[in-house]
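Structure first, then comments.
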Amino acid sequence: MQKIENTQLWKKTLGSSEKEYKDEIEFLRTEFKTFRERAGQLVSLINKTLPDLTIHDITHLDALWEVADTICGSEFSLNPLEAFIFGGAILLHDSALCVEAYEGGLEGIKSTNQWKDAHSMLTSSGSTLNPEDALKEANFAAIRALHASRAEELADSVWSLNGNSLTLISNTDLRVSLGRLIGKIASSHHWNIEKVKDELPEIIGPPAAFPSNWSISPRKIACMLRCADAAHISSERAPNFLMALRKRSGISFDHWNAQNKMASAVIDSTGEKLLFTANQSFSQNEEQSWWVIYDALLMIDQEIKTSNSLLKSINSEEFSIKGVANCSSPEEVNKNIPTENWTPLNKEIHVSNLQHLITQLGGSNLYGKGRDELEVVIRELLQNSRDAILARMSFDEGFSDGKITIEIKRDTDGTWLVISDNGIGMSERVLTGPLLDFGTSFWSSDLVLSEFPGLKSSPFKPLGQFGIGFYSIFMVAKKVHVSSKRWDSGLDETLSLSFNNGLSLRPLFQKGRASGVSSNNTQVRLLLKDSYGSLDSHNIRHSVQGFEDFTVNNEAYLSALCAGLTVNVYFKDTEQTKLIHRKDFFDHAEEWLKKIAFYDFRPADEKSLILETIEKESNRMEKIIDPNTGALEGFAAITTSLYKLPHFINARTVGGLMPTIHSRTSDNFIGFIDNEPDSARRNIGNNQQYSMGYKAWLESQLKRLESQEWTYEDRLALSHSLCDLGADPSDTGMVAMVSHSDKDNILVIGIDELLNIAINQKLVLLNDTGFNQICSDKSFELTNREFLIFPVKSSSFYNIKSLSSSPNKTHSLLDILRNKAKERGLELNLEFQDTPHKNKMTGSIIKKGTISLSPIGE
């Protein structure tokens, strides 16, 4: 108590000997000392919970009276009741940094969204932490995130001992009347100054037991606490011997080392600023510690200035201290915080022409020349809407009717593309923060933790990862308007950003309901460049020789892009709004397959093939479901069509969205299968073959196929489909071949029979070296007893891999033959003839290879 009692703040208030209010002051003084004793015991446990923190015990709390005394000055007015509240807020503000401050202790902390979010981030893919360290880090992060809000409740918390109930404030009337206010002011030390102004009243009357002229100014007390807490940096919080006993590293070392070298702040020669000095210089390997101090001084200066501004706005006297001396630059700070053999230079890595960088990385250079730029832009905007809706479904209990609306509007300015959704929406911090921060995704930022606690640890998995997709819009738009509000806000709280001159780093920001903005939570309006015309139709590119490109309307174009979305999508042109994609599309499989295949826009022979394929394969279509989250990862059936499969009847998607609706020629499944993106451009990367849902789908498909009648063509096709889909065709697949005696007749046999031929006859293959694949060429001469593997289509099943290494994880024919031979104690060898042959059709070099078997070890 000695430190506190020596301050003018104490002497003028709770230490006053004023006779008029002697009893009230004595009562508050006695209660404060009990409060301090109990809080001191609580904060003594912080070191056990968070040993890497600098000192947060009672010495830190007492020192805040000293720091506040210096900042406020001798003329600052405070009545005894305000002093009690101020002292109580000091006692509570850090008390929740130990597990004992929480109901249920550590287990109670682990049940919070903050802990779950932190643990989810620390154990996500790419994390290098072991499980034990991840738990410790999650505990630390959660308690740091929770302690300020928990401080608000601590005055009312009860601890039991031998049937007795104990509280931090012993007097019930005092606790009931002031406990919550003290807690809220304590909590406010983690708020920004705007929230202090919005959340705390300017002035309130005293409880009935106290003099009527002892009015309380919560904002004033909050400013005192936040400035004193910020400015308490000195070696007192990181003493030498304790630092020597505890060997710290990383960020913890930087903070301990920074404070260990600091002297207590004093008032500079002007009498209006705090002067911070160091007792020791910072060496080169202590560079980060120096910058910790530099950043702290800037923060303290800002806190004092903004607090004084708030005090002035409520007609309260300001602090006598107006800021921090000599902190205008690293060079200024360096005069009082010396360095040894190095000089701080405030030249952070920066981009001199950010607009040029965005243009280069966020446009056609990212997505590739010749891409359908409009497709890219719409896909990116649909992705943002999809993420917003699924996030709201995870966060807003009871919300299930997600909706995206795509609208084309035409006016005198030109053609507008408008995409709206009723997802989670954006607050001002998000709209003016991550959205405008090129390369920063809101979903991977720390901001999501405070905006939507619990979302990180929920099953929600956003597509947005890179923070650059939004800027693709400037490939096609000359004006952009973004309007948004949080889902739980009213229309009058709508926020808007306007880019009225294309890509500009200084958009117009507005608050309040904007003209032309719908009631949806987020709306993006693009005024398209003149080169995009009126968007009446779209050319669909076909990459297969012999097939022509074709034209589709807006509805078909947009519907195909949304192939696997589990959200209703509407299209509005003129006055008509139409549902173009159902969230339950899997209940309308035939209609949906026709849509993604552009059935209505194909020639008659291709329509016929689409219907034939649907009739043969669609009865086996089933969902691919993530067993952990229940998320839809696909809706598909393995194909057994060997020669004829219509193009565009399937899609590999990312988050249910097609990376491109053009040039889809995959022939191993119909429907859609979701994939991980390969990069920010959202091309297809690693498919889901290793997910539990995908494996379960493959197993189910094989069972369904086993129950149907097989033809040789079915089995030949299945070998290719299974291999391309990452499954093993060893037991079900068949292979085509021709013999030396009858090259005109193709034989179809199982893989085990093929191995028998390799044992008893001569099994050969032709390697197209241009593609490193087994190929077919009947003109190739076969000698006596030779049998030639005869591929009926190109696929990964006929890849040629080196047989000198251990078996790989592919399911190509040669890998299967090698593994089956090994089961019989045989080693498979492949030798190629020196004399090559030229493929007349492709121009590639073909080499003849002979497969032989020998006992392992010979």
Side-chain angles (χ1 to χ4, degrees), residues 382 404 406 538 540 542 544 547 550-571 578-625 631-653 656-658 660-674 693-694 697-698 700-705 707-711 713-714 717-718 721 725:
L382 287 173
I404 300 172
I406 308 169
H538 305 267
I540 304 300
H542 209 312
V544 179
F547 290 85
F550 54 93
T551 301
V552 302
N553 62 20
N554 284 317
E555 180 184 325
Y557 182 83
L558 297 169
S559 176
L561 268 175
C562 303
L565 282 184
T566 52
V567 175
N568 284 331
V569 181
Y570 295 82
F571 173 64
K578 185 175 182 181
L579 178 64
I580 62 171
H581 175 79
R582 302 171 180 265
K583 65 180 180 181
D584 59 349
F585 59 89
F586 34 78
D587 292 332
H588 310 270
E590 182 174 341
E591 172 194 343
W592 176 74
L593 284 170
K594 285 182 177 180
K595 278 190 173 183
I596 67 170
F598 301 118
Y599 175 83
D600 291 337
F601 305 90
R602 308 285 289 276
D605 57 335
E606 293 179 25
K607 282 186 175 181
S608 175
L609 190 51
I610 291 171
L611 291 178
E612 181 184 327
T613 302
I614 290 174
E615 183 179 349
K616 179 182 178 183
E617 312 281 11
S618 64
N619 65 310
R620 281 185 287 100
M621 293 187 72
E622 55 187 328
K623 299 176 188 176
I624 304 173
I625 301 291
L632 186 69
E633 293 182 333
F635 177 57
I638 295 175
T639 60
T640 57
S641 300
L642 186 59
Y643 301 112
K644 298 182 298 181
L645 189 70
H647 306 133
F648 300 96
I649 201 168
N650 54 29
R652 288 197 175 274
T653 61
L657 293 164
M658 286 200 199
T660 179
I661 58 176
H662 302 275
S663 307
R664 289 177 276 129
T665 58
S666 178
D667 59 0
N668 43 57
F669 71 97
I670 63 169
F672 91 97
I673 296 175
D674 216 44
Y694 188 88
W697 172 75
L698 283 174
S700 178
Q701 284 288 294
L702 286 174
K703 287 180 181 177
R704 285 172 175 257
L705 287 164
S707 65
Q708 73 179 38
E709 294 184 6
W710 290 89
T711 65
E713 281 193 6
D714 289 340
L718 188 60
S721 295
L725 292 169

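Just so it is clear, the values below take in all heavy atoms, side chains as well, and ignore hydrogens, waters and symmetry mates.
Contact detail for Ala597 and Arg602: the closest heavy-atom pair is O-NH1, 2.6 Å. In terms of heavy-atom proximity, Ala589 sits nearest to Met621 at CB-SD, 4.5 Å. Across all their heavy atoms, Lys616 and Thr640 have their closest contact at NZ-O, 3.0 Å. Here the closest heavy-atom approach between residue Ala637 and residue Gln701 is recorded as CA-OE1, 3.3 Å. Listed here is the closest heavy atom pair of His538 and Asn554: NE2-OD1, 2.6 Å.
Residues Glu591 and Phe585 fail the side-chain proximity criterion, which asks for heavy atoms closer than 4.5 Å. Inter-residue side-chain proximity for Trp697 and Leu725 is flagged as met; some heavy-atom pair is nearer than 4.5 Å.
Using modelled atom types, one side-chain atom of His581 and one backbone atom of Cys562 make a donor-acceptor pair closer than 3.5 Å. Ser608 contributes no side-chain N or O that, together with a main-chain N or O of Ala604, makes up a donor-acceptor pair within less than 3.5 Å. A donor-acceptor pair is defined here as one N or O able to donate and one able to accept, closer than 3.5 Å; no such pair exists between the side chain of Trp592 and the backbone of Arg582. Side chain of Asn568 to backbone of Lys583: a donor-acceptor contact under 3.5 angstrom is found. For the pair Lys594 (side chain) and Ile614 (backbone), a donor-acceptor distance under 3.5 Å is absent. In this structure a side-chain-to-backbone donor-acceptor pair under 3.5 Å is missing from Arg620 to Leu705. With hydrogens and angles ignored, the 3.5 Å screen pairs a side-chain donor or acceptor of Ser721 with a backbone N or O of Thr639.
Separation of atoms CD1 (Ile610) and CZ (Phe598) is listed at 10.5 Å; rounding is to 0.5 Å. With rounding to the nearest 0.5 Å, the separation of CZ in Phe601 from NZ in Lys607 is 9.0 Å. Separating the CZ atom in Phe586 from the OG1 atom in Thr566 is a distance of 7.5 Å, to the nearest 0.5 Å. A distance of 11.0 Å separates CD of Glu555 from CD1 of Ile406, quoted to the nearest 0.5 Å. From Leu593, atom CG reaches atom CG of Leu611 across 10.5 Å, with rounding to the nearest 0.5 Å. Taking CG of Leu632 as the start and OG1 of Thr653 as the end, the distance is 8.5 Å to the nearest 0.5 Å.
By the 30° and 60° cut-offs, the orientation of the rings of His542 relative to Phe547 is parallel.
At a cut-off of 3.5 Å, with distance as the only test, a side-chain donor of Asp714 or Thr711 sits close to an acceptor on the other residue.
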N/O donor-acceptor pairs under 3.5 Å from side chains in residues 661-673, not counting sequence neighbours:
unit_1	atom_1	unit_2	atom_2	d
His662	ND1	Arg541	N	2.9
His662	NE2	Asp372	OD2	2.9
Arg664	NE	Ile661	O	3.2
Arg664	NH1	Ile596	O	3.1
Arg664	NH1	Phe648	O	2.7
Arg664	NH1	Asn650	O	3.0
Arg664	NH2	Ile596	O	2.8
Arg664	NH2	Ile661	O	3.3
Ser666	OG	Asn668	OD1	3.4
Asp667	OD2	Lys793	NZ	3.0

Go through Ile649 and Leu609 one step at a time and tell me if the side chain to side chain contact (heavy atoms under 4.5 Å, CB included) criterion holds. CA-CA 10 Å; Ile649 201 168; Leu609 190 51; over 6 Å; no
